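To start, the structure itself, in structure tokens.
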There are 2 protein chains.
Amino acid sequence: MINTRVAVAVHILALIASKPHDDLTSDYIASSVNTNPVVIRRLLGMLKKAELIQTTAGKAGASLTRDPADISLLDVFHAVEPKDNLFAVHGNPNPHCPVGKGIRRALDEAFGAAQDALERKLSSETIDGILHQLFDKA
Amino acid sequence: MINTRVAVAVHILALIASKPHDDLTSDYIASSVNTNPVVIRRLLGMLKKAELIQTTAGKAGASLTRDPADISLLDVFHAVEPKDNLFAVHGNPNPHCPVGKGIRRALDEAFGAAQDALERKLSSETIDGILHQLFDKA
DNA sequence: TATTGATGTAACAAAAATAGTTACATCTAG
DNA sequence: CTAGATGTAACTATTTTTGTTACATCAATA
């Protein structure tokens with residue numbers, strides 16, 4: 001199972017996008033997410049490093065660097081999940097076994113294709129889409 | 001990142017499929033995977049519970065319950081990954097916050113669709129496909 | 001310009017998930 | 001009956017994730 005960082009990061013970005021005029025503090029965000037403010041600030045740091053948001057040290061508030069429609073869940077995923085591969089593969093399979101010898105390559109291909117499918121879908125989903133889910137009357 | 005169980009389970013099934021005549025012991029499989037035999041036996045237990053393989057207590061060897069072309073990586077994934085949801089979502093977001101109130105549903109939809117995409121791809125990949133990767137001349 | 005309240009981060013602690021190990025009951029086959 | 005295997009529980013170790021404490025630093029303003 002993938003960690004909650006992606007979910008929390010989307011929550012954070014939805015807050016920022018939906019309250020562009022407020023000065024969102026990490027304390028307020030934390031109370032909405034229901035966690036510790038430092039957890040929020042850590043994620044804000046990652047989102048900033050990924051250039052999805054802007055913040056100023058000492059000053060409350062954060063803003064998106066681009067339109068919510070141009071921030072995909074894949075962007076968020078990559079921002080908070082440093083690992084390249086979705087699936088972990090066991091190390092050092094036995095090279096003297098015909099299966100062990102080639103399994104790494106086979107798994108990398110199969111899992112890579114699956115990850116591609118996931119990422120394609122994630123790249124089609126945006127923060128703007130989340131906002132619509134949250135606020136549009138169906 | 002998803003645990004190595006899926007990768008190891010595919011490795012195991014590829015071994016079983018490729019050595020239908022040998023009496024594969026958990027010790028041999030462990031030496032190919034490069035781990036402890038008990039780890040293998042645990043996974044064999046899950047694969048058996050998912051009805052992908054058959055084994056006999058006390059007797060070496062395992063066999064697939066159906067053709068390698070009819071065992072998808074999605075079958076394997078579900079066999080060794082009990083959790084339904086690929087993405088974890090933080091619990092108890094604040095219902096008094098407009099975003100916190102609806103975020104769960106929005107995330108479930110977005111992540112659910114992404115998981116669907118992943119699973120569709122995994123269901124199109126089979127143990128037979130892995131065998132071809134391993135043994136076919138390209 | 002001193003105070004208040006915020007961010008940024010390091011360091012640590014706690015909790016949860018994963019993987020590895022030991023031990024042993026039980027079964028199969030010779 | 002014995003040798004060697006599976007099936008599983010219980011424990012340990014490791015790693016990852018999440019939560020917390022502490023504090024340096026910055027911004028705004030009274």
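Note that the structure is a prediction, hence the values are computed from the model and not measured. Just so we're on the same page: letters track the sequence lines, and every chain starts at 1.
- Following chains of ILVMFWY side-chain contacts shorter than 4.5 Å, one can reach Val33(B) starting from Leu134(B), so the two form part of one hydrophobic cluster.
- For dA6(C), neither phosphate oxygen OP1 nor OP2 lies less than 4.0 angstrom from any side-chain nitrogen or oxygen of Thr25(A).
- Atom-to-atom, CZ of Arg42(A) to P of dC12(C) comes out at 14 Å; the value is rounded to the nearest Å.
- Between Arg66(B) and Asp75(B), at least one side-chain nitrogen of the basic residue sits less than 4.0 Å from a carboxylate oxygen of the acidic one, meeting the salt-bridge criterion.
- Judged by closest nucleotide on DNA chain C, Thr56(A) is the one of Thr56(A) and Met1(A) placed further toward the 5' end.
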Throw together a table of side-chain donor-acceptor distances under 3.5 angstrom for residues 53-65 of chain A, partners on residues two or more places apart or in other chains.
unit_1: Thr55(A); atom_1: OG1; unit_2: Lys48(A); atom_2: NZ; d: 3.1
unit_1: Thr65(A); atom_1: OG1; unit_2: Glu51(A); atom_2: O; d: 2.8
unit_1: Thr65(A); atom_1: OG1; unit_2: Leu52(A); atom_2: O; d: 3.3

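- At least one side-chain heavy atom of His90(B) sits under 4.5 Å from a side-chain heavy atom of Leu107(B).
- Between chain B and DNA chain D, the heavy-atom contact criterion of under 4.0 Å yields a 5' to 3' nucleotide range of dG4(D) to dA10(D).
- Using a 4.5 Å heavy-atom threshold, the side chains of Val89(A) and Thr4(B) count as separate.
- Contact check for Glu109(A) versus Gln133(B): side-chain heavy atoms found under the 4.5 Å cut-off.
- As rounded to whole Å, 16 Å separates atom P of dT7(C) from atom CE of Met46(A).
- For Thr35(B), no side-chain nitrogen or oxygen approaches OP1 or OP2 of dA19(C) to under 4.0 Å.
- Contact annotation for Arg5(A): backbone-only contact, meaning every heavy-atom pair under 4.0 Å involves sugar-phosphate atoms and none involves a base.
- A straight line from CG of Asp23(A) to P of dT4(C) spans 20 Å, rounded to a whole angstrom.
- Residue Lys48(B) is classed as a sugar-phosphate contact, given heavy-atom separations below 4.0 Å to backbone atoms only.
- Mapping Arg41(A) and Leu24(B) onto DNA chain D by nearest heavy atom places Leu24(B) at the nucleotide closer to the 5' end.
- Using cut-offs of 30° and 60° on the angle between ring planes, the pair Phe87(B) and Phe77(A) is perpendicular.
- Rounding to whole angstrom units, CD1 of residue Ile40(B) and P of dT22(C) are separated by 16 Å.
- Using a 4.0 Å heavy-atom distance criterion, Asn3(A) is classed as a sugar-phosphate-only contact.
- In this structure, Ile2(A) places its CD1 atom 16 Å from C1' of dT18(C), rounding to the nearest Å.
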